[in-house]
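Take a look at the structure set out below.
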Number of protein chains: 2
Amino acid sequence: MLTERQALILKVIIDEFIETAQPIGSRNIAKREDVAYSPATIRNDMADLEDDGFLSKTHSSSGRIPSEKGYRFYVDHMMSPLQLSNDEVRLVQSQFDDRMIEMEKVMQNSAHILSELTQYTTLVLGPEVYETKLKQLQIVPINKQSAIAILVTDTGHVEHRSFAVPSEIDHSDLEKVVNILNEKLVGVPIIYLDRMIESEVIDLINRYTSNFQKSYDLIQKALFNHQTTSLYVSGKSNILMQPEFNDIEKARSLFNVMESEDQIAPILKTNQEGLKISIGHENEMEVMNNCTLITATYTLGENQIGTIALLGPTRMEYAKAVSLLDLWSNHMSQSLYRWFND
Amino acid sequence: MLTERQALILKVIIDEFIETAQPIGSRNIAKREDVAYSPATIRNDMADLEDDGFLSKTHSSSGRIPSEKGYRFYVDHMMSPLQLSNDEVRLVQSQFDDRMIEMEKVMQNSAHILSELTQYTTLVLGPEVYETKLKQLQIVPINKQSAIAILVTDTGHVEHRSFAVPSEIDHSDLEKVVNILNEKLVGVPIIYLDRMIESEVIDLINRYTSNFQKSYDLIQKALFNHQTTSLYVSGKSNILMQPEFNDIEKARSLFNVMESEDQIAPILKTNQEGLKISIGHENEMEVMNNCTLITATYTLGENQIGTIALLGPTRMEYAKAVSLLDLWSNHMSQSLYRWFND
DNA sequence: AATTAGCACTCGTTGAAGGTGAGTGCTAAC
DNA sequence: GTTAGCACTCACCTTCAACGAGTGCTAATT
């Protein structure tokens with residue numbers, strides 16, 4: 001479809017535009033060493049590329065900028081994976097050493113490091129709680145009126161809530177109920193806890209005193225009654241550094257979306273395996289129409305358990321972003337496998 | 001020092017400027033019902049107020065804007081505490097019901113609600129860990145190679161870290177060590193844990209097998225080896241909504257500071273009791289020279305344990321910000337007292 | 001037939017010039 | 001002590017012209 005020369009010109013324009021954020025003119029392209037054609041020739045090809053929708057102009061006599069179709073072609077057919085620097089690779093590897101590790105920290109850290117390395121905003125969506133299984137329940141009394149309930153899952157996720165303890169309930173009551181719950185529920189997937197309690201535990205508890213029931217109610221409220229989608233966002237303010245957000249209104253509306261977990265989480269969830277790149281209007285959300293979102297999934301064993309994503313302007317350093325995200329998600333999946341599979 | 005009329009004019013200018021962010025002219029002041037003087041009279045007083053440093057101009061024929069000295073005078077002498085709306089008061093109260101409660105959630109929630117109510121950025125600095133005492137240690141094995149160590153304090157703070165377990169160490173070893181630690185260390189202030197271990201526990205552990213020592217090392221690394229300053233920031237992007245940050249460069253530099261816990265925490269720490277208002281250049285940090293920071297401390301019993309602050313432009317709704325922060329910190333202190341003192 | 005040189009044309013950007021209006025300071029009158 | 005009147009200032013807006021980076025088209029060159 002594209003001649004070799006057209007492809008070269010498209011690539012040069014995209015590469016330059018990614019770097020400078022300025023429209024690219026034919027004369028500047030001709031100056032490059034790897035381009036051996038005159039400005040006029042280049043102009044002809046540019047006109048063709050524009051006709052075919054790969055380029056556009058900001059006004060009738062301006063240089064060209066890539067269109068979304070241009071980026072799409074670039075990403076699908078011409079992008080050479082960037083050789084990451086040794087420093088970068090080493091930094092990524094060092095994040096996954098064998099020392100202390102737990103889900104929250106991994107995700108937080110991932111968001112942080114990737115946003116540092118790319119200067120884009122990083123979004124990490126953690127494992128759905130219901131994919132994981134109960135490892136242990138624990139009650140820690142704080143004082144006469146309050147206690148903390150702690151739930152640990154087999155992925156090392158720790159949930160905790162404190163709650164008020166009515167005076168008629170003794171800590172030993174709580175403890176006994178927790179023992180019963182642990183006995184019956186350890187190993188049960190979090191999502192089935194409710195059903196399991198219904199069928200296996202309720203009867204057992206009802207056999208005992210009313211305090212047991214009350215204790216159970218407390219624990220139930222504290223631990224089983226809330227959904228957790230764990231979303232970590234880092235480098236939100238990097239978006240401000242991009243010239244496409246010099247218009248402060250655009251920055252404001254994008255920030256508003258990123259502040260809202262409800263709006264972000266679904267975008268990250270609807271996701272096939274591997275890397276996915278959504279350019280400009282391929283993003284459903286209107287405020288992201290001048291952004292690119294690259295998502296990668298990570299796995300625990302065979303299960304996809306979460307998503308990690310980079311959000312930047314459509315003028316994104318695709319090669320670098322893709323390479324990094326790929327490297328990271330692979331390392332992460334491998335490490336999770338090592339840590340959480342016996 | 002100021003005549004009554006001058007004070008009135010100063011107050012009107014500040015009130016109007018807080019609302020509109022525009023320089024205020026004499027004619028507009030004269031139009032107000034509560035001002036019975038002609039523009040010329042007002043102009044004379046404005047000139048005097050400018051001579052005394054309470055007002056300034058953006059250019060020679062512009063209206064007046066408050067100077068930092070003007071705000072300072074306003075805050076110290078003329079600000080009438082705002083009657084908060086019933087909705088607001090009720091909302092604040094409802095946040096401190098007696099149900100499930102724990103430090104992290106309180107702080108997170110405080111930051112969130114206050115930034116919603118004020119539209120400024122809210123910063124909450126949590127209790128220094130070393131002010132609190134150990135309530136319980138716990139180890140939860142995840143699988144053969146990893147376990148999670150959980151530390152609970154008497155303020156309901158929960159720290160947890162997972163760590164790799166070498167093959168030669170059995171979970172029963174870990175458990176025994178934790179038992180010893182709990183026996184000796186419960187009730188000890190977190191800051192003294194190290195010393196206490198040195199003097200009381202090490203000997204005890206050394207009497208047992210080398211696996212005990214290794215187990216202890218693991219736990220030590222996981223739990224006792226990191227400082228926690230818990231800083232919660234909410235509504236950072238609110239700063240973007242303020243017209244004084246239409247200049248995106250200013251917004252960028254302020255964001256950079258707010259992203260860095262190291263730079264923010266000290267500002268919140270150096271703090272006397274009660275409310276403190278730092279206007280413009282009273283803030284040491286240069287990027288905050290056009291901001292006002294209002295900090296309030298909250299207590300647990302007699303001890304100040306943390307700080308809660310609002311950051312906005314110098315043109316801040318002082319009356320509302322102060323009233324809300326005051327109301328909130330009082331409620332918070334009272335609730336903490338109820339929850340964490342027997 | 002493909003490439004390139006030449007040239008007229010487009011249009012955003014910059015800066016100067018002039019008009020407008022909200023504001024001031026000063027003086028003189030009330 | 002207060003106010004009316006008036007000249008003055010200056011940010012802001014609009015208009016206009018010059019500039020230049022870029023284009024498209026045509027004709028010449030390879």
Side-chain angles (χ1 to χ4, degrees), chain A residues 1-10 12-17 19-67 70 243-244 246-247, chain B residues 1-10 12-17 19-67 70 243-244 246-247:
Chain A
M1 178 117 154
L2 293 189
T3 68
E4 208 168 308
R5 193 176 59 206
Q6 283 173 335
L8 171 67
I9 291 171
L10 179 57
V12 167
I13 290 177
I14 293 181
D15 284 339
E16 295 267 331
F17 187 73
E19 199 176 325
T20 65
Q22 296 296 323
I24 317 297
S26 53
R27 248 179 77 81
N28 283 312
I29 298 177
K31 274 185 207 148
R32 286 178 53 124
E33 294 174 357
D34 53 347
V35 178
Y37 308 96
S38 75
T41 310
I42 293 168
R43 273 204 295 283
N44 289 333
D45 279 341
M46 283 162 90
D48 292 346
L49 285 167
E50 189 180 354
D51 288 344
D52 292 342
F54 295 102
L55 296 177
S56 68
K57 292 193 270 197
T58 59
H59 59 87
S60 75
S61 70
S62 77
R64 299 307 204 291
I65 60 173
S67 67
E244 18 278 278
N246 276 346
D247 175 2
Chain B
M1 177 117 155
L2 294 190
T3 67
E4 209 168 306
R5 193 176 59 208
Q6 283 174 336
L8 172 66
I9 290 171
L10 179 57
V12 167
I13 289 176
I14 293 180
D15 284 338
E16 295 267 331
F17 186 73
E19 199 176 324
T20 65
Q22 296 297 322
I24 317 296
S26 53
R27 249 178 76 81
N28 283 313
I29 298 177
K31 275 185 207 145
R32 285 176 54 121
E33 293 174 357
D34 53 345
V35 178
Y37 309 97
S38 75
T41 310
I42 293 168
R43 274 205 293 283
N44 289 333
D45 278 342
M46 283 162 89
D48 291 346
L49 284 167
E50 188 179 356
D51 288 345
D52 292 344
F54 294 103
L55 296 177
S56 68
K57 291 192 272 198
T58 58
H59 59 87
S60 74
S61 70
S62 77
R64 299 307 205 292
I65 61 174
S67 68
E244 19 279 278
N246 276 346
D247 175 3

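Naming convention: chains lettered A, B, ... in sequence-line order (proteins, then strands); numbering from 1 in each chain.
Atoms CD1 (B/I9) and P (D/dT2) sit 10 Å apart, rounded to a whole Å. Look at CZ on A/R27: it is 16 Å from P on D/dG24, rounded to the nearest Å. For the pair A/I42 CD1 and C/dT3 P, the interatomic distance rounds to 11 Å; values are reported in whole Å. Distance, B/D48 CG to C/dC26 P: 11 Å, rounded to whole Å. Rounded to an integer number of Å, the gap from A/Q6 CD to C/dA2 C1' is 13 Å. Atoms CG (A/D45) and P (D/dG24) sit 12 Å apart, rounded to a whole Å. Going from atom CD of B/E50 over to atom P of C/dT24 covers 10 Å, rounded to whole Å. The nearest whole Å value for the distance from the CD1 atom in B/I24 to the P atom in C/dG23 is 9 Å.
Although no hydrogens or angles enter the test, the distance criterion places a donor-acceptor pair under 3.5 Å between the side chain of B/Q6 and the main chain of B/T3. At least one donor-acceptor pair closer than 3.5 Å links the side chain of B/S67 to the backbone N or O of B/G53.
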**Q.** Derivation and outcome, side chain to side chain contact (heavy atoms under 4.5 Å, CB included), residues B/Q22 and B/F17
**A.** CA-CA 6 Å; B/Q22 296 297 322; B/F17 186 73; 5.6 Å; no

Q: Assess whether side chain to side chain contact (heavy atoms under 4.5 Å, CB included) is satisfied between A/M46 and A/I24, documenting all intermediate values.
A: CA-CA 10 Å; A/M46 283 162 90; A/I24 317 297; 5.7 Å; no

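Of all the heavy atoms in B/V12 and B/I29, the pair that sits closest is CG1-CG2, 4.1 Å.
Side-chain proximity of A/R64 to D/dG24, D/dT3, C/dG25: nearest is D/dG24.
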Q: Could you encode protein contacts along nucleotides 4-12 of chain D as a string, one character per nucleotide from 5' to 3', using B for base contact, S for sugar-phosphate-only contact and - for no contact, with a heavy-atom cut-off of under 4.0 Å?
A: BB---BBS-

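Place A/K57 and B/T41 on DNA chain D by their nearest nucleotides, and B/T41 ends up nearer the 5' end.
Distance CG/B/L10 to CG/B/L49: 5.5 Å, rounded to 0.5 Å. Rounding to the nearest 0.5 angstrom, the gap separating the CZ atom in B/R43 from the CG atom in B/D45 is 11.5 Å. Atoms NZ and CD1, on B/K31 and B/I42 in that order, are 11.0 Å from each other to the nearest 0.5 Å.
Phosphate proximity of D/dT2 to B/R5: present, with a side-chain N or O under 4.0 Å from OP1 or OP2.
The stretch residues 28-37 of chain A touches DNA chain D through A/N28, each having a heavy atom within less than 4.0 Å of the strand.
Partners of B/A47 by side chain to side chain contact (heavy atoms under 4.5 Å, CB included), not counting sequence neighbours, listed by chain and number: B/R64.
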